[in-house]
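For reference, the structure discussed in these notes is given below.
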Number of protein chains: 4
Amino acid sequence: MSRLAKRRKELVVSMMKDGIYEAAVRVLTERGAEGLTMDRVAESAGVAKGSLYNYFRSKCELLQFIHEKTIEPARDFLAEVRAAPLPAAEKLQAVVRMWLEHFATNRGIFDFLFNDPRTREVMEDCKRSGRLEGIEQLRAFFEQGIAEGAFRPIDTQRTAEMFLGAVILTMEQQLMFNLDRPAEESAAALLDLFLNGLKPQT
Amino acid sequence: MSRLAKRRKELVVSMMKDGIYEAAVRVLTERGAEGLTMDRVAESAGVAKGSLYNYFRSKCELLQFIHEKTIEPARDFLAEVRAAPLPAAEKLQAVVRMWLEHFATNRGIFDFLFNDPRTREVMEDCKRSGRLEGIEQLRAFFEQGIAEGAFRPIDTQRTAEMFLGAVILTMEQQLMFNLDRPAEESAAALLDLFLNGLKPQT
Amino acid sequence: MSRLAKRRKELVVSMMKDGIYEAAVRVLTERGAEGLTMDRVAESAGVAKGSLYNYFRSKCELLQFIHEKTIEPARDFLAEVRAAPLPAAEKLQAVVRMWLEHFATNRGIFDFLFNDPRTREVMEDCKRSGRLEGIEQLRAFFEQGIAEGAFRPIDTQRTAEMFLGAVILTMEQQLMFNLDRPAEESAAALLDLFLNGLKPQT
Amino acid sequence: MSRLAKRRKELVVSMMKDGIYEAAVRVLTERGAEGLTMDRVAESAGVAKGSLYNYFRSKCELLQFIHEKTIEPARDFLAEVRAAPLPAAEKLQAVVRMWLEHFATNRGIFDFLFNDPRTREVMEDCKRSGRLEGIEQLRAFFEQGIAEGAFRPIDTQRTAEMFLGAVILTMEQQLMFNLDRPAEESAAALLDLFLNGLKPQT
DNA sequence: TATGAATGAGCGTTCATTCAT
DNA sequence: GATGAATGAACGCTCATTCAT
């Protein structure tokens, strides 16, 4: 096969995978993680069930693809932010805003990524859950903040967990009730609380 | 049927439901949310599968009952704390410690209650997840704190969400990795962070 | 449950298993070992597919049951013959005659028992294939014959293999072409050849 | 199309068929009869799956071709031996030795040819299994032996069946347990038993 | 003619629900 | 009311075959 033909084939495969991905996301949105069956993905993608297996060896592999594809832009942005010459607090805020924006669109896929126990099991083998990755990244920011003297020398692991938990639940509330909170505003509220605490400034 | 007979019948029904509940919790603990089948619940409860349907119209209804029943002691404790003559921060800490202790015993049921997508759907129909209630209760504490002048006048809804998120994820991490963090300590860390914030005390 | 009820239940279960067994044999006969699907067994037995799983945990278990049930009477007879006070040659002849009669009825099940590679795999785990069991039993007869001085001191393992092979292929030819050879006659021919050999008596 | 072009085409087709045959044998060897899928044959042959259907109308036809092609050298050798000026017993021994050697190399294809139920059905349609041919050929040897006065005037059909059965099961045992019996020795044991019988020489 | 993606019937298995006893 | 066998739709997955390129 010529190089050109090969390239074209790769493109077609990539497009099919994307189509299946989108179908899966639709199913996820309409029926939840529980309702994500290969039959429904196939139907939603407009292909035969067997065809899915031309692109993904198993449902598990499809799940991993969805995970990867969804989380990828977030991860890229995170790496970018991490490398940027900004104070820790600003990095945190940027990341939170991005997360809120990124997942604001779609409740099904968010649950699937962060909360579905099946997904977690599948992912643990190869990639870690989105949650674990998020915690790890956040820790880096907290450590930077401490090093800069901007944060108290708290337990970064615990802090990262609490912070991510706060972000996730904020997102979930928004998705669950279709709230209309600008990401900007939510991020600011989060940072304000975590930076300054509840106690009145003396 | 006489009133007495009626009363007795109610009692019997209630006991059966409780027995089934306990069986379900056992199954949940041993096999996870995925493994919670009517067969297994029936077997663990020592009744016939068909009998479950005399007490719960469907699996969905059983799920709702489990939810309710599990949440109940937490709710009771919360009401008690709420009524107590304590400063907001102490109330928060007490509640957090109780939650951590209450769910530390049992990973299966926790996942089931907060994260299982099947459960989630079911719950949304009737009271839109246990989270809501927790948030509502927490709001009261934050409002009290503000009224007392102990807290800044922040958005209590958002704060409650963030706080609950932090608690939940802290719990989950602990359960997921079988960490050995005393509830006392975790509660203290949570309170410290939310009260004082990340910024160094000036 | 009373002892009586228990006994009745056992009987019902046993009858269902037998019914399923017969259905499986029918399918085996009509469609061969390849065509033995759970769907077809269920249909032939006049029950829903799911019901099969109330009596057999898996297809493998059903296969083992068929194996056992079919081979059981042959095994019983063999044990009886083995214990009887007869010369080795007569024992051999009796067993061969029994085999030919026992399997004369049904080609499907015979193939399934002795030749189907799938069956072999399944059986190896728990029971040995019919073939192995047959060889082992035959060896005993040859050893007896040698001890009695009626047979030459040949390699009993090999001899048992050859003998069983001869029996099996004789059976298969008969089944394959629906020949009308009396078991009696076939057994006599087998014994004559194996005892006296091809060479003319000097 | 010119005669030459036709001839060339035939050659190409024949070579392709042979290539596919070899691929099928490889698959058979590596994965067993169960694992012989058109996908794997195509992959092993280095052609597209669809191409297989240019040379064989169906999997069934491919199976028949494999059968034919595998049996062929044995058949050729048999014809050769048959025509040779040797006593019947020596011919028998030569053929048995050849068979044992021919199939000793390869368990997968042997099972496939003689025991796989799928194959069996296919073969029955067109030539009722390779066995028949073997039996027919063996009969000729026994008839020769009788004519020469070297064998008793036994029923040659039955004898041929028993003999073939003995050979086949001997082979199968060897393959199933990976025994290390030289073909020479096995052939000698077979002949000794069939010629001289079990009874002690008087 | 060669290709290989698309197909869809079929596989073994699970499980919430029903219903005759 | 209690039972548990029967049900059948649904699941993830396979693979012989087809057909547009």
Side-chain angles (χ1 to χ4, degrees), chain A residues 1 5 8-9 12-13 16 34-43 45-63, chain B residues 9 12-13 16 34-43 45-63 118, chain C residues 1 5 8-9 12-13 16 34-43 45-63, chain D residues 9 12-13 16 34-43 45-63 118:
Chain A
M1 184 158 36
R8 181 160 60 201
K9 192 188 131 184
V12 170
V13 165
M16 282 296 297
E34 193 66 11
L36 186 73
T37 70
M38 295 304 265
D39 276 87
R40 282 205 263 262
V41 172
E43 196 199 322
V47 299
K49 182 167 43 165
S51 299
L52 298 184
Y53 289 86
N54 291 331
Y55 299 97
F56 303 97
R57 260 196 292 278
S58 64
K59 183 177 180 181
C60 175
E61 204 172 291
L62 170 58
L63 257 36
Chain B
K9 189 183 129 187
V12 170
V13 167
M16 283 297 295
E34 202 67 9
L36 185 74
T37 69
M38 296 301 266
D39 275 85
R40 286 204 261 260
V41 172
E43 195 201 322
V47 300
K49 185 166 36 163
S51 299
L52 298 184
Y53 288 85
N54 290 328
Y55 299 97
F56 302 98
R57 258 196 295 278
S58 65
K59 187 180 180 181
C60 173
E61 208 172 285
L62 170 58
L63 256 37
R118 214 171 343 203
Chain C
M1 185 160 35
R8 182 160 62 202
K9 192 188 131 187
V12 169
V13 166
M16 283 297 297
E34 193 65 13
L36 185 75
T37 69
M38 295 303 266
D39 275 270
R40 282 205 264 260
V41 171
E43 196 200 323
V47 299
K49 185 165 42 163
S51 299
L52 298 184
Y53 289 85
N54 290 332
Y55 299 96
F56 303 98
R57 261 196 292 277
S58 64
K59 184 178 180 181
C60 176
E61 204 171 290
L62 171 57
L63 258 35
Chain D
K9 190 185 129 188
V12 169
V13 166
M16 282 296 296
E34 204 67 10
L36 185 75
T37 68
M38 296 302 266
D39 276 83
R40 287 204 260 259
V41 171
E43 194 202 321
V47 300
K49 186 167 35 166
S51 299
L52 298 184
Y53 288 85
N54 290 328
Y55 300 97
F56 302 98
R57 259 196 296 275
S58 65
K59 187 181 180 180
C60 173
E61 208 172 286
L62 170 58
L63 256 37
R118 215 173 339 208

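Everything numeric here is computed off the predicted structure, so don't read it as measured data.
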Worksheet, complete the sentence: Side-chain contact check for Ser58(C): nearest option of dT1(E), dG12(F), dT13(E) is dT13(E)

Worksheet item: What residues form a side chain to side chain donor-acceptor pair (under 3.5 Å) with Asp39(C), not counting sequence neighbours?
Response: Lys49(C)

Item to complete: Select base, sugar-phosphate, or nothing to describe what Val47(A) touches, counting heavy atoms under 4.0 Å on all strands.
Response: sugar-phosphate

Fill in: Set of ring-ring contact (aromatic ring centres under 6.0 Å, His included) partners for Tyr55(A), sequence neighbours left out
none

Practice prompt. Working to the nearest 0.5 Å, report the span between CD of Glu61(A) and CG of Leu52(A).
Written response: 12.0 Å

Sub-3.5 Å pairs of nitrogen or oxygen atoms, protein against nucleotides 8-10 of chain E:
from, atom 1, to, atom 2, distance (Å)
dG10(E), O6, Lys49(A), NZ, 3.3

Practice prompt. Tell me what Tyr55(A) touches on the nucleic acid: a base, only sugar-phosphate, or nothing, going by heavy atoms under 4.0 Å.
Written response: sugar-phosphate

Worksheet, complete the sentence: Contacts of Val12(D) and Arg57(B) projected onto DNA chain E by closest heavy atom; the upstream (5') one is Val12(D)

Response to the item:
Between CG of Leu63(D) and P of dT17(F) the distance, given in whole Å, is 10 Å

Item to complete: Under 4.0 Å between any heavy atoms, over every strand shown, what does Leu36(A) touch: base, sugar-phosphate, or nothing? Just pick one.
Response: sugar-phosphate

Item to complete: For Tyr53(D), enumerate each residue passing the ring-ring contact (aromatic ring centres under 6.0 Å, His included) test, keeping only those at least two apart in sequence or located in another chain.
Response: none

Discussion item. Are there runs of at least three consecutive Watson-Crick or G-U pairs touching DNA chain E, with each pair's two distances under 3.5 angstrom? Give them by first number.
Written reply: E:2-21 with F:2-21

Fill in: Rounded distance (Å) that lies between atom C1' of dC15(E) and atom CD of Glu43(B)
14 Å

Worksheet entry | Nearest-neighbour nucleotide for the Tyr53(C) side chain, dG12(E), dA5(E), dA16(F) considered | dG12(E)

Discussion item. Is Asn54(B) close enough to dG1(F) that one of its side-chain N or O atoms is under 4.0 Å from OP1 or OP2 there?
Written reply: no

Item to complete: Decide side-chain contact (heavy atoms from CB on, under 4.5 Å) for Met38(A) and Leu62(A); before the verdict, give the C-alpha distance in whole Å, the side-chain angles of both, and the deciding distance to 0.1 Å.
Response: CA-CA 9 Å; Met38(A) 295 304 265; Leu62(A) 170 58; 4.0 Å; yes

Item to complete: Measure from CE on Met38(D) to P on dT3(E) and round the result to the nearest Å.
Response: 14 Å

Worksheet entry | Rounded interatomic separation in angstrom, taking CE from Met16(C) and P from dA5(F) | 10 Å

Worksheet entry | Residues Met16(A), Asn54(A); criterion side-chain contact (heavy atoms from CB on, under 4.5 Å); working and verdict | CA-CA 10 Å; Met16(A) 282 296 297; Asn54(A) 291 331; over 6 Å; no

Fill in: Euclidean distance, atom CD of residue Glu61(D) to atom P of dT17(F) [Å, nearest integer]
11 Å

Practice prompt. To the nearest Å, give me how far apart CD (Glu34(D)) and P (dG12(E)) are.
Written response: 11 Å

Fill in: Whole-Å gap separating P (dT21(E)) and CZ (Arg8(C))
12 Å

Item to complete: Send over the distance from Leu52(C) CG to dC15(E) C1', rounded to a whole Å.
Response: 15 Å

